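Right, one structure below, let's go through it.
Just so it is clear, the model here is predicted, and its values are computed rather than measured.
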Amino acid sequence: MQEKSEEQIISRLFELENGGQSERRTELSGERFLSLIQDPDSGRAYVFSHPTDATEGAEVPPGTEFWEYPTQDEAARAYEQLLAESGRAGDVVEEDSEEGIGDSESGGAEVRDRYSASDEDDLVNVEESEEPDAVS
């Protein structure tokens with residue numbers, strides 16, 4: 001089995017976090033986040049600390065760190081310890097935060113209002129005369 005690079009692991013952690021797969025996530029001051037994540041593919045558990053990703057996934061944000069653990073229990077203990085330290089320092093903004101999740105993910109096509117299609121679009125505006133007559 002080939003070892004993943006640090007950048008590959010960070011990319012995977014962002015992917016899992018943005019997919020809503022972090023077990024715990026806390027927003028810290030300075031637009032930073034602390035997450036507890038278990039990778040379902042590898043079974044490895046991580047504590048992931050990072051700032052908001054302003055590059056939309058193009059670069060690893062400065063100050064991004066992760067700690068890898070063989071079990072979820074070990075990672076959970078480390079997460080609790082880091083959370084307690086952040087709490088004592090007054091850095092905890094919101095526990096179980098969903099702030100910024102998915103910011104670097106594409107949400108698909110841009111959605112506009114339901115009347116955004118052109119009135120001249122033949123695929124949107126089917127003439128009533130083209131509909132088959134109803135049998136009484």
Exercise. Begin from the C-alpha positions of S35 and Y46 and carry the test side-chain contact (heavy atoms from CB on, under 4.5 Å) through to its verdict.
Key: CA-CA 8 Å; S35 300; Y46 299 87; over 6 Å; no
Exercise. Please test F33 against R25 for side-chain contact (heavy atoms from CB on, under 4.5 Å), starting from the C-alpha separation and ending with a verdict.
Key: CA-CA 7 Å; F33 297 90; R25 186 168 188 267; 3.4 Å; yes
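The side-chain tip of R44 does not point at the ring of Y69 from less than 6.0 angstrom away and within 45° of straight on.
For F48, the ring pair (Phe, Tyr, Trp, His ring centres under 6.0 Å) partners at least two apart in sequence or on another chain are F14, H50. With sequence neighbours excluded, the residues satisfying side chain to side chain donor-acceptor pair (under 3.5 Å) with S29 are D91. Applying the side chain to side chain contact (heavy atoms under 4.5 Å, CB included) rule to A84 yields the partners R88; only residues at least two apart in sequence or on another chain are considered. Taking E7 as the reference, nothing meets the salt bridge (charged side-chain N to carboxylate O under 4.0 Å, His left out) condition, with sequence neighbours excluded. With sequence neighbours excluded, the residues forming a side chain to side chain contact (heavy atoms under 4.5 Å, CB included) with P40 are R12, L16, Q21, listed by chain and number.
Although no hydrogens or angles enter the test, the distance criterion places a donor-acceptor pair under 3.5 Å between the side chain of S86 and the main chain of L82.
In the hydrophobic clustering of ILVMFWY residues, with side-chain heavy atoms under 4.5 Å counting as a link, W67 and L36 come out together.
Checked by atom type, the side-chain pair E95/T26 shows no donor-acceptor distance below 3.5 Å.
Atoms CZ and CD1, on F66 and I10 in that order, are 5.5 Å from each other to the nearest 0.5 Å. If you take CD on E94 and CD on E27, they are separated by 6.0 Å, rounding to the nearest 0.5 Å. Taking CG from D39 and CD1 from I9, the interatomic distance works out to 9.5 Å, rounded to the nearest 0.5 Å. Distance OH/Y79 to CD1/I37: 10.0 Å, rounded to 0.5 Å. Going from atom OG of S11 over to atom CD of E6 covers 12.5 Å, rounded to the nearest 0.5 Å.
In terms of heavy atoms, P61 sits closest to P51 at CB-CG, 3.5 Å. When every heavy atom of R32 is checked against every heavy atom of G63, the shortest pair comes out as NH2-O, 3.2 Å.
Residue E31 qualifies as open at atom CD: its count of foreign heavy atoms under 6.0 Å is 12 or below.
Sequence neighbours left out, the pairs with a member in residues 73-86 that pass salt bridge (charged side-chain N to carboxylate O under 4.0 Å, His left out) are R24-E80.
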